[in-house]
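Comments concern the structure below.
Quick note: numbers below take in every heavy atom, side chains included, and nothing from hydrogens, waters or symmetry partners.
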Amino acid sequence: MIIQMNPNATREHIANVEAIIEEAGYTVHPIYGTHLTVLAAVGDERGKEGLYERLLSQPMVDKVEFILPPYKLVCREVQKGISRPDSVIQFEFEWKQGKKQVTIGGPEFVMMAGPCSVEGRDQLMECARIVKKYGAVCLRGGAFKPRTSPYSFQGLEEEGLKLLAEARYEYGLAVVTELMDAHHLDLVEQYADVIQIGARNMQNFMLLKALGATKRPILLKRGMSSTIVEWLMSAEYITSRGNPRVILCERGIRTFETQYRNTLDLNAVPVLKKLTHLPVFVDPSHATGRSDIVVPMSLAAAAAGCHGLIVEMHPNPAKALSDGAQSLNEEGFQILMERLPAVIRAVGKIAPWEPAAVPV
Ligand code: PEP
Ligand code: MN
């Protein structure tokens, strides 16, 4: 920890801060400059977050900085020079032809696709058929929908979850669906293979704490105005409560630009891969809000090194009950799946839906 004293600090002010640091178990190394004094406090920073506020409120303290990041479990670096390898998340599900395994965070690029909302059996089965045909591994679909307007379609709730389970059984696709309320955790985990936490709930701390108790992997979307550190702290809430299986999903942030719904922050992908060992996904649908730019931004996301994408696809976007403007139709999805492998290969990963990637 580094404490920067004000240039007007007296010997007494400095001694007061030194005493607090020593009492907390640190050794102090003062650096007396010509204008100001800096105190380097050496010791284990874990569990000492409360000290930050205390030091900042002392007279003549200008700045307090921790050396180690406040997120510990999701941090890539354990100690100086020692890094954790990428987390690989595996799970299994059953469908009509037996068991299937899904691996997220490994060399195989994983595609999750499907409608924004589950609207009914015909719509969902058609979505499942299409996304499976071109190589998706997971079927996405919201049964509980976080809508800006209370008058918009709110989702089919349990009926939607049952339809997702039916599509999984029929098509062999793992189910990704959103959980909005901790009271629905028991219900949603019965049907979901991966539980999605939406942008609006990234800092719903009671919900995050509840997720520590489930064995299901969590797809944690970035809050629309959250910093990367805030996002990692949300992941830390889940992992510190006992569920280490968190996947981060960049879904665009709010900026001043109005040409698209959000701004896809692709810088986040390589930055996250440095800061954390968790798998990183990108959602180009919510990040753009425009189906006409979903394909190029998906390619860009793959080039940036993400482990997979979650994309909205609807057989008839003009009739979608939510997010039609950003949903690819079958043709768009086919184009995406045809173009992605070249980029995935270029960054050293495998596109398992490519015929050449299937072992003979
Ligand atoms: C969604 O996936 O349909 C959704 C609502 O996403 P987000 O939470 O990123 O807005
Ligand atoms: Mn949506």
Side-chain angles (χ1 to χ4, degrees), residues 93 95-97 100 102 104 108-143 145 153 155-156 159-178 191-194 196 219 249 251 281-299 301-302 308-344 351-355 357-358:
F93 67 93
W95 70 304
K96 66 180 182 192
Q97 291 182 18
K100 222 177 197 178
V102 177
I104 289 173
E108 290 196 353
F109 196 88
V110 173
M111 285 299 290
M112 302 177 171
C116 177
S117 307
V118 179
E119 299 169 6
R121 175 176 282 105
D122 291 350
Q123 173 250 17
L124 188 68
M125 296 306 150
E126 182 60 356
C127 288
R129 186 189 67 76
I130 296 169
V131 304
K132 164 86 183 216
K133 178 174 169 192
Y134 298 103
V137 167
C138 303
L139 175 66
R140 65 145 289 147
K145 292 306 303 177
F153 176 60
L156 297 180
E159 189 195 332
L161 295 173
K162 287 186 172 156
L163 291 172
L164 285 163
E166 197 180 320
R168 166 176 50 208
Y169 185 77
E170 211 41 53
Y171 290 95
L173 295 161
V175 166
V176 186
T177 196
E178 180 163 353
Y191 297 96
D193 297 295
V194 175
Q196 176 179 324
L219 183 81
C249 179
R251 47 78 72 206
F281 269 56
V282 170
D283 171 349
S285 308
H286 293 86
T288 61
R290 290 173 46 167
S291 59
D292 63 330
I293 59 170
V294 164
V295 173
M297 296 319 291
S298 298
L299 300 179
L309 297 174
I310 179 164
V311 177
E312 286 185 341
M313 199 293 307
H314 194 288
N316 188 351
K319 291 227 165 101
L321 295 184
S322 60
D323 287 349
Q326 66 194 35
S327 298
L328 296 175
N329 59 14
E330 176 168 357
E331 192 195 348
F333 190 67
Q334 178 178 2
I335 292 171
L336 172 64
M337 296 301 275
E338 284 171 359
R339 293 192 185 163
L340 270 172
V343 179
I344 292 169
W353 63 92
E354 255 196 315
V358 180

Can you check side-chain contact (heavy atoms from CB on, under 4.5 Å) on Tyr171 and Met125, steps first, answer last? CA-CA 9 Å; Tyr171 290 95; Met125 296 306 150; 4.2 Å; yes
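- Considering every non-hydrogen atom in both Ala165 and Val175, the closest pair reads N-CG2, 4.5 Å.
- The line from CD of Glu178 to CD of Gln196 is 5.0 Å long, rounded to the nearest 0.5 Å.
- Heavy atoms only, all atoms of each residue included: Met111 and Val311 are closest at CE-CG2, 4.0 Å.
- Heavy-atom minimum distance, Val282 versus Cys249: C-SG, 4.2 Å.
- Considering only residues two or more places apart in sequence or on other chains, Ala192 meets the side-chain contact (heavy atoms from CB on, under 4.5 Å) condition with Thr177, Val188, Ile195.
- The shortest side-chain heavy-atom distance between Ile130 and Pro315 falls under the 4.5 Å cut-off.
- Here the shortest heavy-atom pairing between Phe93 and Val102 reads CE2-CG2, 3.7 Å.
- A heavy-atom distance below 4.5 Å is found between the side chains of Ile310 and Leu219.
- For the pair Leu173/Cys138, no side-chain contact is recorded, criterion being any heavy-atom separation below 4.5 Å from C-beta on.
- Side-chain contact between Glu170 and Trp95 is absent, with no heavy-atom pair separated by less than 4.5 Å.
- Panel note: side chain Arg140, backbone Pro115; a donor-acceptor pair is recorded below 3.5 Å.
- Counting heavy atoms from C-beta on, the side chains of Gln326 and Arg290 never come closer than 4.5 Å.
- Under the 3.5 Å distance criterion, the side-chain polar atoms of Glu119 are left unmatched by any main-chain donor or acceptor of Ala320.
- Between Ser291 and Ser327, the side chains place no donor N or O within less than 3.5 Å of an acceptor N or O (distance only, hydrogens not considered).
- At a threshold of 4.5 Å between non-hydrogen side-chain atoms, the residues Ile104 and Met112 count as touching.
- Using a 4.5 Å heavy-atom threshold, the side chains of Asn316 and Asn329 count as separate.
- Using a 4.5 Å heavy-atom threshold, the side chains of Trp353 and Val137 count as separate.
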With a 3.5 Å cut-off and sequence neighbours excluded, list the donor-acceptor pairs that the side chains of residues 333-344 form with protein atoms.
from	atom 1	to	atom 2	distance (Å)
Gln334	OE1	Tyr134	OH	3.4
Gln334	NE2	Glu338	OE2	3.0

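- When all heavy atoms of Ala167 and Leu139 are compared, the pair lying nearest together is CB-CD2, 3.6 Å.
- Counting only residues at least two apart or on different chains, the salt bridge (charged side-chain N to carboxylate O under 4.0 Å, His left out) pairs with a member in residues 317-327 are Arg261-Asp323.
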Could you go through the salt bridge (charged side-chain N to carboxylate O under 4.0 Å, His left out) check for Lys133 and Glu330 one step at a time? CA-CA 10 Å; Lys133 178 174 169 192; Glu330 176 168 357; 3.4 Å; yes
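- Of all the heavy atoms in Ser322 and Lys145, the pair that sits closest is OG-CE, 4.3 Å.
- From Leu328, atom CG reaches atom OG of Ser285 across 6.0 Å, with rounding to the nearest 0.5 Å.
- Glu312 places no side-chain N or O within donor-acceptor distance of the main-chain N or O of Gly141, the cut-off being under 3.5 Å.
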Show, in sequence, the C-alpha distance, side-chain angles and deciding distance for Leu124 and Leu164, and conclude whether the side-chain contact (heavy atoms from CB on, under 4.5 Å) test is met. CA-CA 8 Å; Leu124 188 68; Leu164 285 163; 3.9 Å; yes
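- Interatomic distance, Arg121 CZ to Glu166 CD, rounded to the nearest 0.5 Å: 4.0 Å.
- In this model, no donor atom of one side chain and acceptor atom of the other lie less than 3.5 Å apart for His314 and Glu126.
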